[in-house]
Each structure stands twice: as structure tokens, then as C-alpha cells.
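Below you'll find the structure, written out as C-alpha cells, and then a few comments.
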Amino acid sequence: MDSSWHKITMNFITTIKRLGKRFWIPLATALIVGLIYGLPYIAFIVQLGHNYHGIPMMLTGDEETYIARIHDIVDGHGLLGSPVLWEYKNQLPTMPPTGEWLYALPVLLFGFSVIDVLIASRFILPAVLTILVYWWTLTFFDDRTVTKRLLAAGTSFVVLLGYDFVDVAHIASLMQGRSLPTAFLIWARPVNPILGAIALFSMLIALNVLVRQKKKSKAPLIVGSCALAFMFGSYFFSWGMAVTVLLSLIGLLILTKQRSLAIRITKMLMLGVVLAAPYWYMLIRLMQSQSYSQGAGSSGFFMTHDFIFNKFSFFSALLMLGVVVVQYLHGGKERIRAPRVLFTIACIMASLIVFDQQIVTGRVVWPFHFVQYTIPILMTMIVILITQLINMMRSQRVRQLFISCFIFIISAVSLTYAVYVQARVYESWVPYTAAQQQFAALFSWIDMHTYPDCVVLVREGDDGTINGLLPGFTHCNVYTSNYRVFNIPDPLTRFEHNYMVLLRLQGVTPAAAEDYMRSHERTARSLLGMNYQDYFDKQYFTDVPKRDFDAYFHLLSTSYATFYAQDFREELLKYRIDLIVAESPLDPMVAHTIKGLVPIGEIGGSSVYTIK
């Protein structure tokens with residue numbers, strides 16, 4: 001018996017050693033990336049010690065919103081009709097909640113907190129994406145030599161740690177000391193784009209395997225279809241990129257008369273569409289509602305035929321063209337027809353098409369978000385294209401020297417940049433996030449003294465910190481919000497009502513309203529804007545008229561005079577309200593206009609009221 005157990009143990013150790021020897025490069029690469037992404041969050045908790053009260057560093061775009069969406073699922077609203085406004089909880093979602101469910105499941109199944117899952121994801125998800133980029137890079141090579149594996153590791157470092165390198169002006173500004181990084185690396189952002197990238201690269205790996213395999217296997221077809229279906233049900237920009245790559249490759253294969261392979265890839269696409277049937281059903285129902293067209297602009301939808309010039313995609317296309325010409329001169333027409341070369345061309349073609357398909361269709365959904373996926377794909381393609389150029393050198397010693405230097409440079413520069421950004425951002429924002437811990441007492445009190453799905457009206461400064469955090473850190477909703485990726489009937493009526501409520505809470509009189517709106521224009525735009533041009537005060541598309549907010553403020557000030565003359569309590573009660581939270585006590589003149597207002601006291605540095 002002892003001999004049998006000894007044999008099993010030795011076999012297990014031998015297997016682990018063999019796997020470690022074979023996979024140590026991708027595992028080490030993933031470990032490094034995971035630590036660079038995750039350690040700042042742990043360091044913050046350790047640094048604050050007993051002063052940490054559960055509010056983590058949130059230093060990527062829209063983190064508070066994603067936390068609110070995950071928390072809303074945990075609170076029992078699985079479709080995410082509206083994660084912040086109570087009245088629209090039962091509406092169909094304009095942004096599917098598939099990705100958020102992956103974060104919510106550990107909370108629901110094992111009792112972890114949303115924040116604990118979020119912090120763990122900062123280690124795990126970038127590490128998973130690292131391995132996928134590594135694997136995808138390797139699928140472009142016939143051998144698995146140490147050099148190729150190190151090249152794949154270097155590519156992973158560039159994609160995961162050097163994403164910002166494409167913004168030359170930003171990098172130059174950092175190097176010259178004219179600016180500082182203000183956010184953690186992009187793949188630290190929860191839900192999107194990280195989950196979309198994991199699904200996209202999973203599909204690309206399956207697609208490349210399918211393209212290159214000699215014996216037909218259903219495995220890559222099924223894996224690719226499942227990844228595509230996940231993208232359909234989670235994030236438009238990932239599946240938009242994926243479908244464009246597939247269609248580009250199918251078109252190239254048909255042109256080169258490789259119809260059998262084109263049919264197999266078409267099957268992958270069609271199976272992915274079928275597996276995402278629940279998403280299409282929900283989308284069709286959503287598009288039938290009148291409010292869908294009214295609120296589409298808040299999701300980034302525009303009717304335009306404008307041309308968008310993306311410099312990085314254009315540069316990649318030029319590099320690809322040069323490599324194709326060189327390959328044609330060295331290997332002739334057959335070398336260009338190789339599925340591997342066509343796949344490279346399809347990826348770069350897709351990175352151009354996603355920015356300018358609206359020239360033909362006249363419809364676009366905020367194309368500037370496509371860079372989240374064109375950049376990592378093009379970075380990988382550029383590494384592969386440069387490697388192919390180096391491999392055309394005659395001397396093996398020169399080839400090896402150039403490849404080794406190339407790997408060292410891209411890895412060292414990416415690692416150095418990533419550590420600098422994470423450390424600098426962490427150092428800059430510790431005081432701000434430490435100060436946010438004071439709100440934990442308020443959020444805890446709200447959860448203890450209110451029913452689930454209560455509604456809180458927040459009066460604070462233009463930064464909107466409490467209002468932004470509250471849906472993600474309590475079981476309550478807010479009365480006003482600048483988040484609107486959900487389906488609202490007659491949205492402008494609700495937005496204007498909310499804004500005028502806030503004006504009145506601030507003690508703004510009708511005579512001062514227009515001047516107040518102009519002096520706080522950024523806040524007004526975030527609360528009243530109907531599309532991204534409104535929010536950012538910039539005309540992104542020449543054939544889409546820019547809204548005249550000066551004229552709008554004048555009209556709204558007239559409406560505010562009428563609103564101001566009404567009974568404030570009745571206006572507040574047009575929508576559900578359970579509490580009023582103010583970062584400082586309400587002005588007595590304002591409080592007097594709200595009949596039945598009862599002060600509860602100061603909690604967590606904020607004044608809390610209820611209406612009887």
C-alpha cells in the first residue's frame with residue numbers, strides 16, 4: 001500500500017515538473033502581469049489598516065457604475081433594467097448583463113462581497129488575458145522554440161502593459177514631465193473591456209486553429225461559436241470587432257477560392273448567432289419600444305456618414321502591405337494565399353472597417369470604443385509582421401540577435417511603463433480614496449435603516465461622489481443620475497425634472513438659474529445631455545448637429561420658474577423618494593419649502609432627512 005502511494009506521489013511530482021518545464025514561460029508572464037494589476041488594491045487596504053472601510057481604489061473609467069450594476073444583480077434585479085433609478089427596474093436592458101453576472105455569481109453562490117470579487121478579478125482576469133494573447137501569438141508559428149515562446153511572452157507584455165504606447169502624444173507628455181498618469185492600466189477596469197477581450201481572443205485562437213488544422217475537428221468551431229455568443233450577450237464593441245474579422249476572412253477566402261474553409265468559418269459565425277438567440281429576442285423587443293429610439297443616443301448611437309481616420313490602424317495596414325509585397329517577392333502568389341497570411345490581413349482589415357463602416361451604413365455606435373480591441377489585435381499583428389521581416393534575413397546569427405533584442409526591448413519597456421503608471425497613480429490617489437472611507441458609515445446606516453430598493457436624493461457638489469457610490473455600496477437607488485444606459489420612457493422629461501430638483505435643493509432662485517446653469521455647465525451637460533456630443537461639448541461628427549446649450553439653458557430657466565412656483569413636496573413625490581442626503585445641512589429656507597421634512601441627523605459627515 002505504501003509503495004503504491006509512493007508511486008502515485010512520484011508520478012504526480014514528475015507530471016508537475018514536466019508541465020512546469022513546458023509552461024513556465026506563460027505562467028510566469030501571467031503571474032507578473034497579475035501582480036502588477038492587483039497589488040495596488042491590496043497595498044491600499046494594508047496601508048489604511050483599520051481605517052479601511054470597504055471602499056476600494058476606483059481609478060479606471062466608470063468603476064462606480066459597474067459596481068452598481070453588479071450590486072443590482074445581487075439585489076435581485078438580474079436583467080439590469082435600471083441599476084440606479086427605481087422606476088425603470090422592469091425595463092428591458094439596453095446593455096446586456098452577461099459580464100456582470102460573472103462577477104455576481106461568486107457573491108450569490110459563496111457569500112463573497114462584491115468588492116472582494118472585484119479585487120480578486122484584478123489579479124485573475126489580466127493573467128487569463130495574458131495567457132490567451134501568448135497562446136494566440138504562438139498559433140502564428142509552426143514551432144514552439146524557446147525564442148518563439150519568449151516572443152509570445154513579450155507580445156503579452158506589450159498588449160497588457162503597453163496598451164498606451166499607441167498614444168504617442170500622451171507618452172511624450174509623460175516623458176517630458178508635462179503630465180502625469182491619472183488612471184490605472186486599462187485592463188484593471190471591471191467587466192468591460194476585459195471580459196470582451198478574453199472572449200475575443202478565445203475566439204481568435206479557435207479561429208486560427210480552425211484555419212490551420214489539417215484534420216477537421218469540431219472543437220475550435222464550438223469554442224469559437226461559444227465565445228462569439230458570449231460577446232453578443234455582453235458588449236457590442238467586442239462582438240462588432242469579432243464579426244468584422246470573421247466576415248473579412250470569409251471574403252478573402254472566397255476571393256482566393258478557398259471555399260471549403262470559408263464555409264467552416266461561416267458555420268462558426270452562424271452557430272454563434274444561434275447560441276445568442278436570447279440576446280436577439282431581447283434586442284428585438286427592446287427596439288419595438290418607443291423609448292428605445294429616444295434614448296439610443298445615450299448609448300453612443302449616431303446617424304452619420306463621416307469618415308474616421310485611425311492612425312494606428314492605418315500604420316498597421318501600411319506595414320502589412322509592405323510585408324505582403326516582400327513575401328510575394330520571396331514566395332510568390334501561393335505564399336500570399338496561405339490561410340495564416342489571410343488571417344493577418346483580415347485582422348488588420350477589420351481594424352480599419354470598424355471605424356468607417358458608417359460611410360456605407362449611415363449608423364454607428366461610438367466607434368472610438370473599438371480601440372479597446374483594435375489596439376491589442378494590431379499590437380500582436382505588428383509583432384508578428386516585424387518577426388516575419390526579421391526571419392527573411394539570410395544570416396541565422398543576425399536573425400537570432402535581432403529577435404532577442406526585439407523581445408528584450410518590448411518586454412523591458414512595457415514592464416517599466418506599467419510599474420511606473422501603477423505606482424504613480426496609486427501614490428497620487430491614496431489621499432482621495434482614503435477620504436472616501438468616511439462614506440462607509442453613511443452607507444452602512446442606510447442599509448440598516450431602509451428597505452431594499454429605497455431611493456435616496458443626494459445634494460452635494462458638482463463631483464457627485466456620494467450619488468455615484470451609493471447604488472454600488474447600498475441596496476438603494478438614487479433619485480438623480482448621470483448614468484443612462486437603460487430604457488427610459490420620455491427621458492428628457494425625467495432628466496429635466498431631476499435637474500430642477502437639484503437646483504432647488506441648492507437654493508437657486510429663478511432669477512439666478514440661467515447664470516447658475518452656465519457656471520456649472522459640465523454638470524448640467526452630464527445630467528441633461530442626450531448623446532456623447534452633449535456630454536463632452538464636442539462635435540465628433542460633422543453631419544450631426546451640435547446642441548445649442550446656451551439657448552437650451554435660456555428655455556430651461558423659464559421652465560424652472562414655473563417649477564419653482566409649485567409645491568416642492570409634490571414635485572419631489574412625483575417619483576419615489578425615501579431619504580434626502582446632503583453633504584452639509586440644507587438651507588433653512590429650502591428645508592421650509594419641503595412639507596413634512598424630518599431631519600434624522602448627521603451620519604458619516606452627511607446630513608440625512610426623510611419626508612413624512
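Because the structure is a prediction, the values reported are computed rather than measured.
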Notebook entry, point to check: Going by atom types alone, do D587 and H592 pair a side-chain donor with an acceptor below 3.5 Å?
Noted result: no
Check: Could you give all pairs that pass the salt bridge (charged side-chain N to carboxylate O under 4.0 Å, His left out) test and reach residues 528-540, with sequence neighbours left out?
Finding: R525-D537, D534-R547, D537-K546
Next item on the list: Show your working on side chain to side chain donor-acceptor pair (under 3.5 Å) between S607 and R459 and close with a plain yes or no.
Entry: CA-CA 10 Å; S607 299; R459 192 221 70 186; over 6 Å; no
Item checked: Donor-acceptor under 3.5 Å (S234 side chain, F230 main chain) -> yes
Margin query: Looking at H554, I want to see if its NE2 is surrounded by more than 12 non-hydrogen atoms of other residues, nucleotides or ligands under 6.0 Å.
Written below: no
Item checked: Pair H475, D75: side-chain N/O donor-acceptor within cut-off below 3.5 Å -> no
Checklist line | Side chains of D62 and T65, donor plus acceptor under 3.5 Å | finding: no
Next item on the list: Only one of N467, D463, D462 passes side-chain contact (heavy atoms from CB on, under 4.5 Å) with T465; say which it is.
Entry: D463
When the side chains of residues 37-59 are checked against the rest of the protein, which donor-acceptor pairs come out under 3.5 Å, sequence neighbours left out?
residue : atom : partner : partner atom : Å
Y37     : OH   : L160    : O            : 2.5
Q47     : OE1  : Y426    : OH           : 2.5

Notebook entry, point to check: Charged N to carboxylate O below 4.0 Å: is that the case for E571 and R504?
Noted result: no
Next item on the list: May I ask you to decide whether K595 forms a salt bridge with D567, counting only side-chain N to carboxylate O separations under 4.0 Å?
Entry: yes
Item checked: Ring-face cation contact, Y575 with R494, 6.0 Å cut, 45° max -> yes
Notebook entry, point to check: Can any side-chain N or O of Q506 pair as donor or acceptor with the backbone N or O of G461 at less than 3.5 Å?
Noted result: no
Item checked: Residues Y417 and D164: side-chain donor-acceptor under 3.5 angstrom -> yes
Item checked: Polar contact flag, side-chain donor to acceptor under 3.5 angstrom, Y479-H497 -> yes
